[in-house]
Amino acid sequence: VLNVSGYVMLDYDQYGGFYDKSGNDDKSENEDHFEIRRSKLAFQYAPTAAIWAEIEFTYHNEYQQEEEYELADAYIHYKSSALVDIQLGKMKEPFGLERQTGSSKITGIERSMVTSAFSPGRSVGGMLTIGEPHYSVALGLFEEDSSEAIQAITSRMTYGFIDPNRSNKHLGLSLSHRDLKDQEFQIKERGESNSADNVIRSAKFDASSQDIVQLESAWFTHQFRLQSEIAYSSIEQTNGINWAYSGFYVQASYLLN
């Protein structure tokens, strides 16, 4: 079976002078921009019920950035009869609730700064997953698909208290150890408005390794959902000095129908 899917997302952003670092002297003026935020074309092929493969192509034409074509997911997935799944290729590392949620299903127009700053994205590697309806455990070895070739061990464990007749609860813990190859490290974030300028900038330094811990929770019943994550990151500078960063978000949503 071959399935083909895709989407195009258009963004309109409006924000105040705090998000505009272009040298505009009148910080009371608002900026607004329209852009193709993201688009995707995906192919999924399943020769059997236990084996399937997926490949995704993305296109970006964002404000103040060059056009960019990218190979997103490209992996082979095997589901064994022993509840153990094996996945090889380029994929999302198993880390964080909001990062694992697809862009068409997140609550806000952008993921939170905590997620974009701390949660790893897509990398090349292999992952083992064990799961049932109530719990899941994932562990993988990865290398970032970039010139830096950062290597990582990443894992995520979740448990869901599921009852169709009552409220449902979800807890999860994600861990990642990353070899930063003595390269330059800095956190820069846009403040959840993609066409705006960076409003968060950390110190810049050469780093040897990074450890990230992220705790996730969610509570939902009928049309209401409450979701939160808290993250802590420890980075070792090449001279042995440790830097620590942390953050959290809380978001609520209500479905009208």
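Quick caveat, the model's predicted, so the values are computed rather than measured. Throughout, numbering of the chain's residues begins at 1 and tracks the sequence.
- Residues Y75 and E54 bring a donor and an acceptor atom of their side chains to less than 3.5 Å of each other.
- To the nearest 0.5 Å, the span separating CE on M113 from CZ on F118 amounts to 10.0 Å.
- Under a hydrophobic-cluster definition in which Ile, Leu, Val, Met, Phe, Trp and Tyr are linked whenever side-chain heavy atoms come within less than 4.5 Å, directly or via other members, I106 and L256 are assigned to different clusters.
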Checklist line | From CA spacing to verdict: ring-ring contact (aromatic ring centres under 6.0 Å, His included), Y69, Y59 | finding: CA-CA 5 Å; Y69 297 87; Y59 165 76; 5.0 Å; yes
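- Side-chain atoms of Y245 and S234 form no donor-acceptor pair, as typed in the model, at a separation below 3.5 Å.
- No side-chain heavy atom of F57 sits less than 4.5 Å from a side-chain heavy atom of E70.
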Margin query: Is there a side-chain contact (heavy atoms from CB on, under 4.5 Å) between W219 and R225? Walk through the geometry before answering.
Written below: CA-CA 6 Å; W219 177 85; R225 183 176 69 177; over 6 Å; no
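- Residue I86 is not grouped with residue F142 when hydrophobic side chains (ILVMFWY) are merged at heavy-atom distances under 4.5 angstrom, including chains of intermediate members.
- The cluster map of Ile, Leu, Val, Met, Phe, Trp and Tyr, joined by side-chain heavy atoms under 4.5 Å apart, puts L255 and F224 in different clusters.
- Under 3.5 Å, the side chains of E98 and S112 contain a donor-acceptor pair of N or O atoms.
- Using a 4.5 Å cut-off on side-chain heavy atoms (C-beta onward), L83 and E132 make contact.
- The CD1 atom of I187 sits 4.5 Å away from the OG atom of S202 when rounded to the nearest 0.5 Å.
- A donor-acceptor contact shorter than 3.5 Å links the side chain of S228 to the backbone of Y249.
- Smallest separation of non-hydrogen atoms from T58 and A72: CG2-CB, 3.8 Å.
- Put simply, the side chain of S80 gets close to the backbone of V84: a donor and an acceptor are under 3.5 Å apart.
- No side-chain donor from either of Q87 and T129 sits under 3.5 Å from a side-chain acceptor of the other.
- With a 4.5 Å cut-off on side-chain heavy atoms, I212 and F95 count as touching.
- Taking all atoms of both residues into account, the shortest heavy-atom contact from L71 to K90 is O-NZ, 2.5 Å.
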Next item on the list: Give the intermediate values and the outcome of side-chain contact (heavy atoms from CB on, under 4.5 Å) for residues D179 and I150.
Entry: CA-CA 6 Å; D179 182 2; I150 293 172; 5.6 Å; no
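- A salt bridge does not link R99 to E93: none of the charged side-chain nitrogens sits closer than 4.0 Å to a carboxylate oxygen.
- Checked against S195 for a side-chain hydrogen bond (donor to acceptor under 3.5 Å, both in side chains), the options D13, D11, D32 give a single hit: D13.
- Here the CD-OG1 distance, from Q227 to T107, works out to 5.5 Å after rounding to the nearest 0.5 Å.
- For T238 and S208, the side-chain atoms include no donor-acceptor pair closer than 3.5 Å.
- Side-chain atoms of Y159 and H170 include no donor-acceptor pair closer than 3.5 Å.
- A side-chain donor-acceptor contact under 3.5 Å links R190 to the backbone of A196.
- Distance check: Y45 OH to N3 CG gives 11.5 Å after rounding to the nearest 0.5 Å.
- P94 and T154 get closest at one heavy-atom pair: O-CG2, 3.5 Å.
- Considering only heavy atoms from C-beta on, F248 comes within 4.5 Å of V250 through its side chain.
- Checking S167 against T221 by side-chain atom types alone, no donor-acceptor pair falls below 3.5 Å.
- Residues P120 and R178 share a closest heavy-atom pair of CG-NH1, 3.4 Å.
- Nearest heavy-atom pair across M127 and A138 is SD-CB, 4.3 Å.
- The backbone N or O of I241 sits less than 3.5 Å from a side-chain atom of N239, completing a donor-acceptor pair.
- In terms of hydrophobic clustering, with Ile, Leu, Val, Met, Phe, Trp and Tyr side chains grouped at heavy-atom distances under 4.5 Å, Y254 and L226 are assigned to a common cluster.
- Residues S123 and K92 are not in side-chain contact: their nearest non-hydrogen atoms beyond the backbone lie 4.5 Å or more apart.
- Grouping the Ile, Leu, Val, Met, Phe, Trp and Tyr side chains by contacts below 4.5 angstrom, directly or via other members, places L97 apart from L173.
- In this structure, CE on M157 lies 9.5 Å from OG on S136, to the nearest 0.5 angstrom.
- At distances below 3.5 Å, at least one donor-acceptor pair connects side-chain atoms of H134 with backbone N or O atoms of G160.
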Next item on the list: Any chance you could lay out the salt bridge (Lys or Arg N to Asp or Glu O under 4.0 Å) test for D145 and R122, step after step, and finish with the verdict?
Entry: CA-CA 8 Å; D145 186 19; R122 286 179 170 87; over 6 Å; no
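- Ring planes of F185 and F205: tilted class, angle from 30 to 60°.
- The shortest side-chain heavy-atom distance between R201 and E189 does not fall under the 4.5 Å cut-off.
- A pairwise comparison of heavy atoms in G96 and E229 identifies CA-OE1, 3.5 Å as the closest pair.
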Notebook entry, point to check: What do the steps show when you test L171 against F161 for side-chain contact (heavy atoms from CB on, under 4.5 Å), and what is the final call?
Noted result: CA-CA 9 Å; L171 293 174; F161 302 86; 4.1 Å; yes
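- Atom OG of S209 and atom CG of L180 lie 6.5 Å apart (nearest 0.5 Å).
- The closest side-chain heavy-atom distance from S233 to I235 is below 4.5 Å.
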Check: Are V213 and D211 close enough, and set up right, to give a side-chain contact (heavy atoms from CB on, under 4.5 Å), and what steps lead you there?
Finding: CA-CA 7 Å; V213 180; D211 293 293; 6.0 Å; no
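- Donor-acceptor pairing under 3.5 Å is lacking for the side chains of R111 and S119.
- Residues N194 and E35 have side chains that bring a donor and an acceptor to within less than 3.5 angstrom of each other.
- Residue I76 qualifies as open at atom CD1: its count of foreign heavy atoms under 6.0 Å is 12 or below.
- Contact of the S103 side chain with the Y7 side chain is registered, since non-hydrogen atoms from C-beta on lie closer than 4.5 Å.
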